[in-house]
Amino acid sequence: MTTISDENQNDYLVRIDQAIAGSQGLQDWLLWRSSQDSKQPTGQIKLLIESLKGGVPSKEWISNPQLAPLLPIVLRSVSKPDDLSILEPWYQLLQERPFGVRDILRRYYYPITIAIAAMVVVYYFSLAIIPAFRSMFEDYELRLPDATKLVFSIANFVVNFTVLAIGQILLGIAGMIGLIKLMGYLLDRFEKWSFVRFLRRGTKKSLGSMARWSGTLSELLQIGMPADQAIATAGLASRRPWLKEQSLQLAATRKLDPRRLWRDYPQARQFSASSIAALDLHQQGAPGASVLREIANSYALRWVSRESVSYNWLGPIVLLLVAKVVLFLILALFLPLISLITSL
């Protein structure tokens with residue numbers, strides 16, 4: 001015998017399948033929009049178009065962490081099929097890519113350029129300038145201080161083992177990239193700490209995850225998915241481990257006591273007050289899903305306008321380090337000359 005809950009479940013799953021079946025206009029718009037940017041469709045847009053063309057079933061969309069974040073743009077396209085320009089913030093959000101090596105090099109190009117220029121200068125010094133000073137010191141049989149001996153040793157290593165020196169430099173760059181990615185991983189894992197959440201508040205990554213969370217939640221509530229399941233799916237769509245965990249906890253608590261208002265659950269404190277208020281409106285029969293849709297739009301628009309974290313401040317720091325290295329080289333090379341002059 002089919003229960004009411006089974007009928008409700010079939011209803012929202014059917015509506016997702018209907019949105020997928022009628023998505024040809026969305027597919028054409030995505031291809032057109034990508035052509036306007038003179039770009040090939042990104043990985044997420046390709047995945048979306050291929051999943052729509054392949055008719056991936058609705059259950060896969062709400063359980064797959066790669067597909068769940070794409071639900072808002074699919075379901076929202078149904079509301080105004082003749083004016084898909086409303087999807088622009090969500091199209092921009094689909095341009096988001098994992099933070100890879102190319103992104104790191106592009107973000108750190110200024111300090112990396114300074115560092116490479118400094119390496120070229122050091123190599124030139126080691127090959128042309130320092131040997132001249134060494135010959136002069138040997139001719140005068142000067143007693144060399146430790147700093148000068150260190151500079152000569154480094155110059156010998158750079159000239160005689162150039163490939164090894166370059167390998168060590170590349171290893172250092174790879175280590176820096178690995179450290180940056182490790183920091184991102186650790187921030188994801190330790191976001192349960194309030195200090196880490198404070199550091200991430202208002203960042204581009206945080207805004208993107210909240211846009212996906214509230215956008216997915218609003219569209220699933222709009223098609224009739226039970227609120228606890230919608231929240232769990234929204235957590236999956238957020239692509240943020242901490243938000244996913246909090247969503248699952250809130251959904252589990254809701255199942256145990258479904259009569260309370262959302263704001264009365266302890267886990268609700270981990271979410272924005274406006275989103276929880278919208279859930280209370282939805283529970284009371286008011287258009288809370290529409291409010292959540294506007295909240296999601298706000299997050300998406302802020303994500304588009306928010307610049308990524310800038311690391312331009314690293315440039316002056318690297319420049320200062322290079323200046324110190326050059327100063328050390330000059331002092332190390334002129335210390336024996338100073339001792340020679342004072343001994344005359």
>> Run the salt bridge (charged side-chain N to carboxylate O under 4.0 Å, His left out) test against E88 and tell me which residues pass, sequence neighbours left out.
In response: R33

>> Give me the atom names and distance for the closest heavy-atom approach of L221 to A227.
In response: CD2-CA, 3.7 Å

>> Tell me every residue that passes side-chain hydrogen bond (donor to acceptor under 3.5 Å, both in side chains) with Q66, counting only those two or more places apart in sequence or in another chain.
In response: none

> So do the side chains of S51 and L70 get within less than 4.5 Å of each other, counting heavy atoms only?
Replying inline: no

> With the 4.5 Å side-chain cut-off for hydrophobic clustering, are Y265 and L256 part of the same group?
Replying inline: no

> For the rings on W262 and F271, is their centre-to-centre separation under 6.0 Å?
Replying inline: no

> Any chain of hydrophobic side-chain contacts (each under 4.5 Å) joining I73 to W303?
Replying inline: yes

>> Between S272 and S275, do the side chains contain a donor N or O and an acceptor N or O under 3.5 Å apart?
In response: yes

> Ring centres of F334 and F133 under 6.0 Å apart?
Replying inline: yes

>> As an exercise, state the distance from CG of L333 to CZ of F328, rounded to the nearest 0.5 Å.
In response: 9.0 Å

> Any side-chain heavy-atom pair from L164 and F157 closer than 4.5 angstrom?
Replying inline: yes

>> For R254 and Q283: C-alpha separation, side-chain torsions, deciding distance, then whether side-chain contact (heavy atoms from CB on, under 4.5 Å) applies.
In response: CA-CA 12 Å; R254 176 71 176 183; Q283 180 179 343; 3.3 Å; yes

> What's the shortest heavy-atom distance between L94 and Q44, and which atoms?
Replying inline: O-NE2, 3.3 Å

>> Taking the side chain as everything from C-beta on, heavy atoms only, tell me whether Q222 gets closer than 4.5 Å to S290.
In response: yes

>> Is there a path of hydrophobic side-chain contacts, each under 4.5 Å between heavy atoms, that joins L250 and L248?
In response: no

> Heavy atoms, side chains only, cut-off 4.5 Å: are R15 and S58 in contact?
Replying inline: no

>> Assigning hydrophobic clusters by single linkage (Ile, Leu, Val, Met, Phe, Trp, Tyr; side-chain heavy-atom cutoff under 4.5 Å), is F152 placed with L150?
In response: yes

> What are the two closest non-hydrogen atoms of R239 and P69, and how far apart are they?
Replying inline: NE-CG, 3.3 Å

> Would one find more than 12 heavy atoms of other residues, nucleotides or ligands at under 6.0 Å from atom CZ of F161?
Replying inline: no

>> Could you work out, with salt bridge (charged side-chain N to carboxylate O under 4.0 Å, His left out) as the rule, every residue matching D280, not counting sequence neighbours?
In response: R263

> Going only through I, L, V, M, F, W and Y residues with side-chain contacts under 4.5 Å, is there a path from I295 to L301?
Replying inline: no

>> I need the L47 CG to L67 CG distance, nearest 0.5 Å.
In response: 5.5 Å

>> Rounded at 0.5 Å granularity, tell me how far CD in Q27 sits from OG in S77.
In response: 10.0 Å

> Would a 4.5 Å heavy-atom cut-off, applied to side chains only, mark L127 and Y123 as touching?
Replying inline: yes

>> Could you work out, with salt bridge (charged side-chain N to carboxylate O under 4.0 Å, His left out) as the rule, every residue matching D257, not counting sequence neighbours?
In response: R260

>> Does any part of the side chain of L48, heavy atoms only, come nearer than 4.5 Å to the side chain of L52, both counted from C-beta?
In response: yes

> Can you check whether M136 reaches L337 side chain to side chain, under 4.5 Å on heavy atoms?
Replying inline: yes

> Which atom names give the shortest non-hydrogen contact between F125 and P131, and what distance separates them?
Replying inline: O-CD, 3.9 Å

> Would you call R134 and N156 a side-chain contact if the rule is heavy atoms closer than 4.5 Å?
Replying inline: yes

>> Using the rule given for side-chain contact (heavy atoms from CB on, under 4.5 Å), can you reason through E219 versus L71, listing the C-alpha separation, both sets of side-chain angles and the distance that settles it, and then say yes or no?
In response: CA-CA 8 Å; E219 300 305 323; L71 275 172; over 6 Å; no

> How would you list, by chain and number, every residue that makes a side-chain hydrogen bond (donor to acceptor under 3.5 Å, both in side chains) with Q18, sequence neighbours excluded?
Replying inline: none

> What pairs with W61 under side-chain hydrogen bond (donor to acceptor under 3.5 Å, both in side chains), at least two apart in sequence or on another chain?
Replying inline: none

>> For a quick test of reading the model, state the closest non-hydrogen atom pair linking W90 to G215 and the distance between them.
In response: CH2-CA, 3.8 Å

>> Restricting to non-hydrogen atoms, name the atom on L93 and the atom on R212 that form the minimum distance, rounded to 0.1 Å.
In response: CD2-CG, 3.8 Å

